[in-house]
Peer 1: 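The structure follows.
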Amino acid sequence: MPELAEVEYYRRQWDVGWGEKILGLQINPGSRNFRDCDTGVLERYLPNSKLRCSEAHGKRMLFQFSGNLWMGVHLGMTGELSVGGPDDTSGKHEHLILFQKKRSLIYKDPRQFGAIRFHRGSDPPAWWSGLPPSILSRDFTRDLLREFLTRRKKSPIKAVLLMQERFPGIGNWLADEILWRARIRPACPAGKIAGIKLTHLFQNIKGVCADAMRIIAPDWGEPPENWLFLHRWRDNGICPKTKKPLVRETIGGRTTCWSPAWQRWPKESD
DNA sequence: CCCCATGTTCGACA
DNA sequence: GTGTCGAACATGGG
């Protein structure tokens, strides 16, 4: 489910527990979500610490607890964070529950593609340092985009936009939305995008991410009808721009929805 | 039963 | 070494 705006939405769900003590926790023992985590250490140190704050970066989140404790959370394909009552117990898909006096903080992930990590130390963990510039930060520049597209020049632009090392937080639907707005065919080799087309792409990467954050992050608002989003999974979907049929095609190993009448190959003159 | 799914990693291969 | 591609992970929904 989650791409950058949904991740930010889920991160905020646990804000209600900031400053309050973790009284105990429950871990789903066989869960694959803890493959990068020593659950014994987590069980030993987290009780009696307080949830301090959290931040998100792309699809990753970091929760900080008192006592120099840090928990990394990735939601994979089907992960969710939510809040339950203080006496909630875990079902089949609740892999981690943190109990506070008035509530429980719940991590649920049916497919278990997500991951939980844990770290002790006065500094943030190594796996949180050295992340690429956030798309919405000033450090994410047109030059950085151009350099990356040149390096991946033969790959379809759709596949390139999914690379978290340069586009942290972009997932399948955001990538399609961006290419649709920029009027670029998803199969276009990344190296062919230059000049004004590159500028359009850059602006729409920033623009779509900013709009998604504004609409989805606060309360899971639904994007408007004039986005590709609501049409992409409908049978016989219609492009909101041209009113002509959308198509679905596997590009870069992922199902891609695009509008042949609207999205074009870049011209040599661009 | 079949196919599909908003993600990432790993091994095979060019 | 570099880059690309499919399979695998585990589960549920249509």
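Below, chains carry the letters A, B, ... as their sequence lines are ordered, and counting in each starts from 1.
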Peer 1: Any ion pair linking A/E249 and A/K158 (charged N to carboxylate O, less than 4.0 Å)?
Peer 2: no
Peer 1: Looking at A/W227, I'd like to know if the NZ or CZ of A/R181 sits under 6.0 Å from its six-membered ring centre while staying within 45 degrees of the ring's axis.
Peer 2: yes
Peer 1: Can you check the A/D36 CG to B/dG7 P distance for me, whole Å?
Peer 2: 18 Å
Peer 1: Would you say a side-chain N or O of A/R35 is under 4.0 Å from OP1 or OP2 of C/dC9?
Peer 2: no
Peer 1: Indicate if A/L179 and A/F148 have the same hydrophobic cluster label, given that clusters are the connected sets of ILVMFWY residues with side-chain heavy-atom separations under 4.5 angstrom.
Peer 2: yes
Peer 1: If you compare every side-chain N and O of A/T255 against the phosphate oxygens of B/dA5 (OP1, OP2), does one of them come in below 4.0 Å?
Peer 2: yes
Peer 1: Any chance you could encode DNA chain B as dot-bracket? Rule is Watson-Crick or G-U wobble with both distances under 3.5 Å; [ ] for pairs crossing earlier ones, | for another strand.
Peer 2: .||||.||||||||
Peer 1: Scan nucleotides 10-14 of chain C against the protein and return all N/O pairs shorter than 3.5 Å with their distances rounded to 0.1 Å.
Peer 2:
{"from": "C/dA10", "atom 1": "O4'", "to": "A/R111", "atom 2": "O", "distance (Å)": "3.2"}
{"from": "C/dA10", "atom 1": "O3'", "to": "A/Q112", "atom 2": "NE2", "distance (Å)": "3.3"}
{"from": "C/dA10", "atom 1": "N1", "to": "A/R111", "atom 2": "NE", "distance (Å)": "2.9"}
{"from": "C/dA10", "atom 1": "N1", "to": "A/R111", "atom 2": "NH2", "distance (Å)": "2.6"}
{"from": "C/dA10", "atom 1": "N3", "to": "A/R111", "atom 2": "NE", "distance (Å)": "3.3"}
{"from": "C/dT11", "atom 1": "OP1", "to": "A/Q112", "atom 2": "NE2", "distance (Å)": "3.3"}
{"from": "C/dG12", "atom 1": "OP1", "to": "A/K92", "atom 2": "NZ", "distance (Å)": "3.4"}
{"from": "C/dG12", "atom 1": "OP1", "to": "A/H93", "atom 2": "NE2", "distance (Å)": "2.8"}

Peer 1: Taking NE2 from A/H57 and C1' from B/dG7, how many angstroms apart are they, rounded to a whole number?
Peer 2: 16 Å
Peer 1: A/N28 pairs by side-chain hydrogen bond (donor to acceptor under 3.5 Å, both in side chains) with which of A/Q112, A/H95, A/K108?
Peer 2: A/H95
Peer 1: For A/W262, is the NZ or CZ atom of A/R183 found under 6.0 angstrom from the centre of its six-membered ring and inside 45 degrees of the ring axis?
Peer 2: yes
Peer 1: Which value, rounded to the nearest 0.5 Å, describes the distance between A/R254 atom CZ and A/T250 atom OG1?
Peer 2: 10.0 Å
Peer 1: Assign each of A/G253 and A/R151 to its nearest nucleotide of DNA chain C by heavy atoms, then name whichever residue's nucleotide is nearer the 5' end.
Peer 2: A/R151
Peer 1: Could you state the atom-to-atom distance from CD1 of A/I157 to C1' of C/dT4 in whole Å?
Peer 2: 16 Å
Peer 1: Is the closest side-chain donor-acceptor distance between A/T78 and A/D109 under 3.5 Å?
Peer 2: yes
Peer 1: Could you check how far NE2 of A/H95 sits from C1' of C/dC9, rounded to whole Å?
Peer 2: 13 Å
Peer 1: Using whole Å, what does the distance between atom C1' of nucleotide B/dT8 and atom CG of A/L161 come to?
Peer 2: 17 Å
Peer 1: To the side chain of A/H74, which of B/dA5, C/dG3, B/dG7 is closest?
Peer 2: B/dG7
Peer 1: What one-letter contact string describes nucleotides 9-14 of chain B from 5' to 3', where B marks a base within less than 4.0 Å of any protein heavy atom, S marks contact via sugar-phosphate atoms alone, and - marks no contact?
Peer 2: ------
Peer 1: Whole Å only: how far is the CD atom of A/E80 from the C1' atom of B/dA5?
Peer 2: 14 Å
Peer 1: Is it true that A/F229 and A/W180 have ring centroids separated by less than 6.0 Å?
Peer 2: no
Peer 1: Can you tell me the distance, in whole Å, between the OH atom of A/Y10 and the P atom of B/dG7?
Peer 2: 13 Å
Peer 1: Going by an N to O cut-off under 4.0 Å, is there a salt bridge joining A/R12 and A/D15?
Peer 2: no
Peer 1: Give a yes or no on whether the ring-centroid distance for A/W70 and A/F65 is below 6.0 angstrom.
Peer 2: no
Peer 1: When the distance from CZ of A/F167 to P of B/dG7 is rounded to whole Å, what number comes out?
Peer 2: 15 Å
Peer 1: Is any NZ, NE, NH1 or NH2 atom of the basic residue among A/R120 and A/D38 found under 4.0 Å from an Asp or Glu carboxylate oxygen of the other?
Peer 2: no
Peer 1: Can we say A/R103 and A/E20 salt-bridge, meaning some charged N sits less than 4.0 Å from an Asp/Glu carboxylate O?
Peer 2: yes
